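Some notes on the structure that comes next.
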Amino acid sequence: EVSVLWPQLDISESGSKPFTDYSRWRLLVNDGGRHTWHYLQTDEECEKWPQNDVDKYWIGIPLNLPDLPKPKDALDAARNGYTFYKHLQSHDGHWPGEYGGPMFLLPGLVIGSYVSGMSFKEEERLEMIRYLLNHVTPEDGGWGIHIEGHSTVFGTALNYTALRILGVQADHPAAVRARETLHKLGGATGAPAWGKFWLAILNVYDWAGVNPVPAELWLLPDWLPVHPHRWWIHTRTVYVPMSYLYGIRFKMQENDLIRALREELYPTNYYQIHWPSQRNNVCAADLYSPHTTVLDVMNSVLSMYEGCVIPPLRRAALARAYHLIVIEDENTEYQTLGPVSKMMNLICRAHVEGPNSEAYKQHAIKRADFMWLGQEGMMMCGTNGSQLWDIGFITQALVETGLAKEEVNKESLSKALGWLDVCQIRENPKHYETSYRHTTKGAWPFSTKEQGYTVSDCTGEGLKAVLYLQNQVEGSEKIISDERLFDAVDVMLTMQNPNGGFASYELVRGPKWLEWLNPAEVFGDIMIEFCYPECTTSVITSLSIFRKHYPDYRSADIEKTIKGAIKFLHKAQKAEGGWVGSWGICFTYATQFALESLSLVGENYSNSSHAQRACRFLLSWQREDGGWGESYKSCEQGTWIQHENSQVVQTCWATMALMYAKYPDPEPIRKAIKLVIDRQLPDGSWPQEAIEGVFNKNCTISYPNFKFSFPIWMLGRAYHYLNELEEQAGQ
Ligand code: LAN
């Protein structure tokens, strides 16, 4: 049955040219910003549903827009930028976009689907293969943990496996080369924990070689510091289905492909591998967070327990885990929190409830929300999109630059406001306390309302965008009521930690030492929430804009919150003057946010040593060409590491930072403006440069919409800023 769903293909091409007809692909945008790609089979269908600019842009078909008049000044360049960017706005008001980068997600999609008997459309399958072929590491033909990384066992073993499942034969040149690299790295036994897990699911790695993932932890009393509800939400949400699948030692039934993979993934005989000694075997190329002794001791104790589990206890634990899976699915309409839990929950539901169940059908439908067609083929995204995040920045940019006032932009902004309205979460989750969720009523999520998770800074950016659009754009309708804005404020006020900082989805719930138990090996700082300068800034800047419009609403709480947050930011500043970014690369990103915060309490270059140090730090990294450029490695190592080239987006962040700090010398800003304008294309757009985002220290992620929002924002603001400086100088 499996081989019918997944026939082998005869592919000899390299992947540089599309495997499908790109003029037949359409992005369907519906239901509050859901994105799904569809391949039209007939000419009639194509005629009825023509390809629009959004479709074309994201899959790399030229829009053939006329050249715009050469910009006279920075504002003009920003205007050109938005003239282009409006073409990428969807009919519902938001800006769809690709959200790829991590290279460990597509294998989860492919393996998870395969073991659940869920197929792909032929065109999807072909383009996924092409994506993998296009994203090999050029030096050795393996794959890394993300698209810019070096080859690792995690990347190579999993993507190789995905390629084979998708139908590529073992003697395809790309497969041969990848296998060689994998064997040089020591083979799949050295995969990190999550790699071992996926391979074990597929039955090409023995469960005896996987460190224990006991579901029993969920039976502990909630007040214990190690209880999983205190972990970072992504870690615990992945851990639930993982513990379930581990607990039942799920494995796919053996077939020819599985037997072949057992030969291919290891340089030695699969059947002679001593599995228990592979548990802590992690290839050096993969390792980011080595095990602590505490973790190793705990794993040994838990391994002994696995030898003598108490069946009723295990049954109770598995029942509890399964319940948590079901309520997570129901809370999110089967999107789940993220791409990894998505596929693991899908496997669990498919296994227990079967292919005819409602859960299976719903999971299959929402699986499409994570699949994105790009120029280089089809990938799996880091979330079901970055809808709210992108619309938040571009709308603020328009208002702050004054472009929002221009008649030609009114319609686009009113559509954007309409989308923000739909995106706000209006209720707490269906299963609320039982799933250990933070309040959601009034929050904005990162992607869509359906996914439905509160994120502190997304709520902040969403609120700012709405306040700007409703209050600062003449003639705009107030479609979001005061009460709803108060709800957003209420949510944010529940999220401040005792040190004044804000974390991502929830309060910090667990002690720092839980990080000693980080089992993932390839990620850093994942066990609990941490406070981030970026998140903290979004919250307090939105609160401070809010209180200008609504001075009477919880004013004392807001004042106290802002004060505490500023203290946190002061403390988080590095001795050299910058702030380390956790979600964008890297110092330019976080320093921009931090200085935005300081500016709102009147701290700037003229009066604050924090702002002065920050400006000096940034200026010390400005290059000859006027730009800034740091490598993603800055995030791995926590110190500035130069990129080979200056980057438009980072240059904008750094320049915004200088302007927030009211840096008095116009020269560095002029130079930056020049660089960003020089890189602008005649149609007003900017070409894609290096990857922009990061998570968990060690994995990058793409924010391709940033190359529009931040240049437009920076150029427009800089235009006004330089005028002001000139006026001051003239006085
Ligand atoms: C994201 C993307 C957005 C990001 C910001 C809003 C930018 C940030 O300020 C808060 C954290 C958040 C919401 C975030 C958390 C981790 C995510 C969801 C991601 C980086 C996108 C992908 C990543 C997720 C964890 C990937 C799956 C990997 C696992 C380790 C589970």
Side-chain angles (χ1 to χ4, degrees), residues 97-109 145-146 154 192-195 197-198 231-242 288-289 328 332 335-345 370 379-393 438 443-448 451-462 495 501-506 518-527 529-539 579 581-586 589-590 592-593 632 635 691-703 705-706:
E98 173 180 320
Y99 197 39
M103 283 305 287
F104 63 96
L105 300 177
L106 190 66
L109 176 74
I145 190 171
H146 57 85
F154 194 25
W194 288 19
F197 175 84
W198 282 117
W231 303 358
W232 186 45
I233 196 160
H234 277 282
T235 306
R236 74 168 187 262
T237 307
V238 167
Y239 177 79
V240 179
M242 211 181 222
Y288 181 76
S289 297
E328 162 69 359
T332 60
Q335 295 283 0
T336 89
L337 172 63
V340 180
S341 53
K342 166 70 191 171
M343 290 315 298
M344 292 186 185
N345 280 16
F370 290 86
M379 68 201 83
M380 189 190 203
C381 293
T383 53
N384 59 330
S386 54
Q387 292 86 331
L388 180 282
W389 199 234
D390 289 320
I391 199 174
F393 290 130
H438 195 86
W444 272 275
F446 177 68
S447 55
T448 59
Q451 189 258 7
Y453 272 90
T454 298
V455 185
S456 64
D457 52 357
C458 298
T459 305
E461 299 301 333
M495 297 186 85
F502 286 78
S504 58
Y505 295 78
E506 298 171 338
N518 174 356
E521 293 138 0
V522 292
F523 301 122
D525 286 356
I526 60 161
M527 288 305 288
E529 279 276 14
F530 288 84
C531 292
Y532 303 103
E534 300 101 304
C535 298
T536 305
T537 293
S538 297
V539 172
W579 281 263
S582 294
W583 308 108
I585 300 165
C586 176
Y589 183 70
Q592 169 207 231
F593 279 99
Y632 69 82
C635 302
I691 200 156
E692 303 85 355
V694 69
F695 59 93
N696 304 348
K697 307 264 179 221
N698 194 34
C699 189
T700 67
I701 187 157
S702 309
Y703 290 87
N705 276 310
F706 281 4

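Indexing begins at 1, ligand by ligand and atom by atom, following the structure's order. Values below: all heavy atoms of this structure, side chains included; hydrogens, waters and symmetry mates excluded. If you're wondering where the values come from, they're calculated on a predicted model, not measured in any experiment.
Note on ring orientation: taking the six-membered ring where Trp is involved, the planes of His234 and Trp232 are tilted (angle from 30° to 60°). Relative ring orientation between Phe446 and Trp389 is described as tilted, the plane-to-plane angle lying within the 30° to 60° band.
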inquiry  = Quick one, Phe154 with Tyr288, criterion ring-ring contact (aromatic ring centres under 6.0 Å, His included). Give me CA distance, side-chain angles, the key distance, then yes/no.
reply    = CA-CA 12 Å; Phe154 194 25; Tyr288 181 76; over 10 Å; no
request  = For the pair Phe523 and Phe104, evaluate ring-ring contact (aromatic ring centres under 6.0 Å, His included) and give the outcome as yes or no after the intermediate values.
outcome  = CA-CA 12 Å; Phe523 301 122; Phe104 63 96; 5.5 Å; yes
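The nearest pair of heavy atoms linking His146 to Asn698 is CD2-O, 3.6 Å.
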Would you mind listing each N/O atom of ligand 1 next to any protein N/O under 3.5 Å, plus the distance?
residue	atom	partner	partner atom	Å
ligand 1	9 (O)	Asp457	OD2	2.2

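For Thr336, the side chain to side chain donor-acceptor pair (under 3.5 Å) partners two or more places apart in sequence, or in a different chain, are Ser341.
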